[in-house]
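Reckoned from all heavy atoms, side chains included, excluding hydrogens, waters and symmetry mates. The structure presented is a predicted model; accordingly, all values stated were derived computationally and were not measured.
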Amino acid sequence: MMEILYNSTRSKGNPVKASEAILKGLSEDGGLFVPERIPALDKTLEELSEMTYGQVAYEVMKLYLTDFTQQELLDCIAKAYDEKFDTEEIAPMVEADGAYYLELFHGATIAFKDMALSILPHLLTTSAKKNQVKNEIVILTATSGDTGKAALAGFADVEGTRIIVFYPKNGVSPIQEKQMVTQKGKNTYVVGIHGNFDDAQTGVKQIFGDRELAAYMDEKGFQFSSANSINIGRLVPQIVYYVYAYVKLLKEERIQNGEKINVVVPTGNFGNILAAFYAKQMGLPIDKLICASNENKVLYDFFRTGTYDKNREFVLTTSPSMDILISSNLERLIYRIAGNDPDKNKELMSALTQGGIYTITDEMKAQLVDFYGNYASEEETSTKIHDLYDSTGYVIDTHTAVASCVYDKYLKETGDDKPAVIASTASPYKFTRSVMNAIDHKYDSMGDFELVDRLSEISKVEIPKAIEEIRTAPVVHNQVCEKNEMKKTVMEFLGI
């Protein structure tokens, strides 16, 4: 198999192996690691359709992680996709109201982040062994709600690692916060910051880019890595579920071999839809990549105008994992449509850092033809949850509702009724108050866990273990800091 190396999106030369890219998380120049080429699927869609989720994962991931041995990769997959998931098929699909909802929330923390964060700790510790790393690895992560808990659960008590998660103190749902602050594990640290997700993400990137700190950390026996979707070890496992969804539809004879489908993804940091783009580049028959935003519609505006402008009011919505104005993974797409030109990409990213805005060229914009962007207002999101439940009995969360709503707009606008897979990114149990309020305002007076019980009754879906666990769990993390104190907080945690 042809080896694939990884380049930074911001400089030429010095490509690294997959295991090195996973270990580093972010390139020293602040760029993101991208594969030097996108590999083609080397099994037919029919062959893949006879495989389990884990087997599909191996066939996709072996093409990207070429310096892992077969056994190393199989071990990582076996440890990741096991009884942590509450369904045998890992990512089941539900047909409702003319679309296929790909349920990516059956893992330990009931959000799609589990799909990649169940395997990342194993990829990372394997990478450390392969590269003779003696330092303790410090996972540094910013979260808009879901990544934090999924990363904490993945890395809790993993030998040779510590994990520090920063989240916006008043910018996540009560259930999301409770999941994080009750996390056990002697190597876990959780900190609320006075600021929004973009502040947390910017702070983490600044710590990663601090060369002096990196040298000091090394001296003290530590090195940073990331569990955010900037880490290529997060992105590659996400490609798997789009391939799996397609071949599952094929196996169930819902589509013909080679028939194109559309994919709809609720999007904040752009990693999840970028994974679908990579799947399409590998040869998966995807037609349109439908990018769904909430009222923080920076991506909708970008796809419409070619200008990315984060200079706007930050809106706190009922879909908080998408409350993001700097979509980090978009950089990987920008690099690609710039002809894999790190200088052009760096110029645009510098403009974003300095003025909060950049505009791509007409030639670059022409390469975005596969994408369609739109957004859903808070009212539209709520109405969608209500109407889908009313007509089908199926309950979706707020993020999935944004995607479903945008898909309705796409259908109305284009009449393109190809089979559509909607990425259902979180369990409705994660956002019970917003979901139950959308179904009926009478639920508003209930407590959070009363709502959980009522949701179980009306949806006829058992309460997930992840929710039952936090019902009475004690708070073990209660630290809060200012956004400019993040580096100091990290050093205090590490005792250096």
Side-chain angles (χ1 to χ4, degrees), residues 41 45-57 59-60 80-81 84-107 110-116 118 237-267 272-273 275-276 279-280 282 284-290 292 384-385 388-389 391-408 410-411 416-430 459-462 464:
L41 290 167
L45 296 171
E46 287 103 325
E47 285 173 314
L48 291 166
S49 73
E50 296 302 321
M51 296 182 186
T52 64
Y53 189 89
Q55 289 166 334
V56 172
E59 294 302 333
V60 171
Y81 304 113
K84 286 191 292 293
F85 287 80
D86 62 21
T87 56
E88 202 178 321
E89 57 186 323
I90 308 296
M93 258 189 301
V94 172
E95 188 177 1
D97 196 28
Y100 298 102
Y101 288 82
L102 177 63
E103 293 189 342
L104 300 171
F105 54 75
H106 288 278
I110 59 175
F112 82 100
K113 308 290 171 80
D114 289 322
M115 302 300 290
S118 293
Q238 290 181 268
I239 300 167
V240 174
Y241 46 74
Y242 294 109
V243 177
Y244 180 74
Y246 186 93
V247 299
K248 186 169 157 57
L249 289 175
L250 180 60
K251 184 180 174 65
E252 293 175 358
E253 298 182 351
R254 294 170 187 268
I255 55 172
Q256 302 297 309
N257 189 15
E259 184 181 349
K260 289 198 166 181
I261 65 167
N262 292 324
V263 170
V264 192
V265 188
T267 310
N272 204 4
I273 196 162
K280 179 179 166 104
M282 293 178 79
L284 196 69
I286 293 173
D287 187 21
K288 282 289 181 201
L289 298 153
I290 299 169
K384 184 70 206 188
I385 294 169
L388 190 65
Y389 172 70
S391 61
T392 67
Y394 187 52
V395 182
I396 54 175
D397 92 294
T398 44
H399 303 74
T400 308
V402 167
S404 187
C405 198
V406 165
Y407 177 57
D408 290 345
Y410 174 78
L411 265 182
D416 174 13
D417 61 355
K418 289 183 191 73
V421 170
I422 295 175
S424 185
T425 53
S427 165
Y429 282 101
K430 205 144 192 169
S459 66
K460 299 179 176 55
V461 173
E462 202 178 319

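The side-chain contact (heavy atoms from CB on, under 4.5 Å) check on Asp86 picks up His106, with sequence neighbours excluded. Shown here are the ring-ring contact (aromatic ring centres under 6.0 Å, His included) partners of Tyr394, two or more places apart in sequence or in another chain: Tyr101.
Here the closest non-hydrogen pair linking Gln55 and Glu50 is OE1-O, 4.4 Å. Scanning both residues, Gln238 and Ala116, for their nearest heavy atoms gives CG-CB, 4.1 Å. Contact record, Ser118 with Ala80: O-CB, 3.5 Å, taken as the closest heavy-atom pair. Considering all non-hydrogen atoms of both residues, Ala403 and Val264 come closest at O-CG1, 3.4 Å. Across all their heavy atoms, Gly258 and Leu45 have their closest contact at N-CD1, 4.3 Å. Considering all non-hydrogen atoms of both residues, Tyr244 and Ala91 come closest at CE2-O, 3.6 Å.
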- Query: Do Tyr242 and Val265 pass the side chain to side chain contact (heavy atoms under 4.5 Å, CB included) test, and can you show the C-alpha distance, the side-chain angles, and the key distance before you say yes or no?
  - Reply: CA-CA 11 Å; Tyr242 294 109; Val265 188; 3.5 Å; yes
- Query: Taking it one step at a time, do Val247 and Met51 satisfy side chain to side chain contact (heavy atoms under 4.5 Å, CB included)?
  - Reply: CA-CA 9 Å; Val247 299; Met51 296 182 186; over 6 Å; no
- Query: Between Glu89 and Lys248, is a side chain to side chain contact (heavy atoms under 4.5 Å, CB included) present by the stated rule, with each step listed?
  - Reply: CA-CA 10 Å; Glu89 57 186 323; Lys248 186 169 157 57; 2.8 Å; yes
- Query: Please walk me through it: do Thr267 and Asn272 pass side chain to side chain contact (heavy atoms under 4.5 Å, CB included)?
  - Reply: CA-CA 7 Å; Thr267 310; Asn272 204 4; over 6 Å; no
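Taking 4.5 Å as the limit, some side-chain heavy atom of Tyr53 sits within range of a side-chain heavy atom of Met115. Between Leu284 and Ile261 the shortest side-chain heavy-atom distance does not fall below 4.5 Å. Considering only heavy atoms from C-beta on, Glu462 stays 4.5 Å or farther from Tyr429 through its side chain. Taking the side chain as every heavy atom from C-beta outward, Tyr100 and Arg254 approach each other to under 4.5 Å. Side chains of Leu48 and Val243 form a contact here, defined as non-hydrogen atoms less than 4.5 Å apart.
Looking at Tyr246, its side chain never comes within 3.5 Å of a backbone N or O of Lys260 through a donor-acceptor pair. Proximity of a side-chain donor or acceptor of Thr425 to a complementary backbone N or O of Ala423 within less than 3.5 Å is not detected. With Lys280 contributing its side chain and Ile286 its backbone, the two residues share a donor-acceptor pair below 3.5 Å. Side-chain N or O atoms of Asn262 include none that pairs as donor or acceptor with a backbone N or O of Ala420 at under 3.5 Å. Counting only distance, with no hydrogens or angles, the side chain of Asp416 and the backbone of Lys418 share a donor-acceptor pair below 3.5 Å. Judged purely by atom type and a 3.5 angstrom limit, Ser404 has no side-chain atom pairing as donor or acceptor with the backbone of Ala401.
Considering CZ of Phe105 and CG of Asp397, their distance stands at 7.5 Å, rounded to 0.5 Å. One finds the CD atom of Glu95 at 11.0 Å from the OG1 atom of Thr392 (value rounded to the nearest 0.5 Å). In this structure, the separation between CG on Asp408 and CG on Asp97 is 7.0 Å, given to the nearest 0.5 Å. Between Thr400 atom OG1 and Ile422 atom CD1 the span is 8.5 Å, to the nearest 0.5 Å. The OG1 atom of Thr52 sits 9.5 Å away from the CD atom of Glu88 when rounded to the nearest 0.5 Å. In this structure, CE in Met93 is found 10.0 Å from CG in Leu104, a value given to the nearest 0.5 Å.
Contact check on Asp114 versus Lys84 returns no salt bridge, with no Lys/Arg side-chain nitrogen under 4.0 Å from an Asp/Glu carboxylate oxygen.
Using cut-offs of 30° and 60° for the angle between ring planes, the Tyr81 and Phe85 rings count as tilted.
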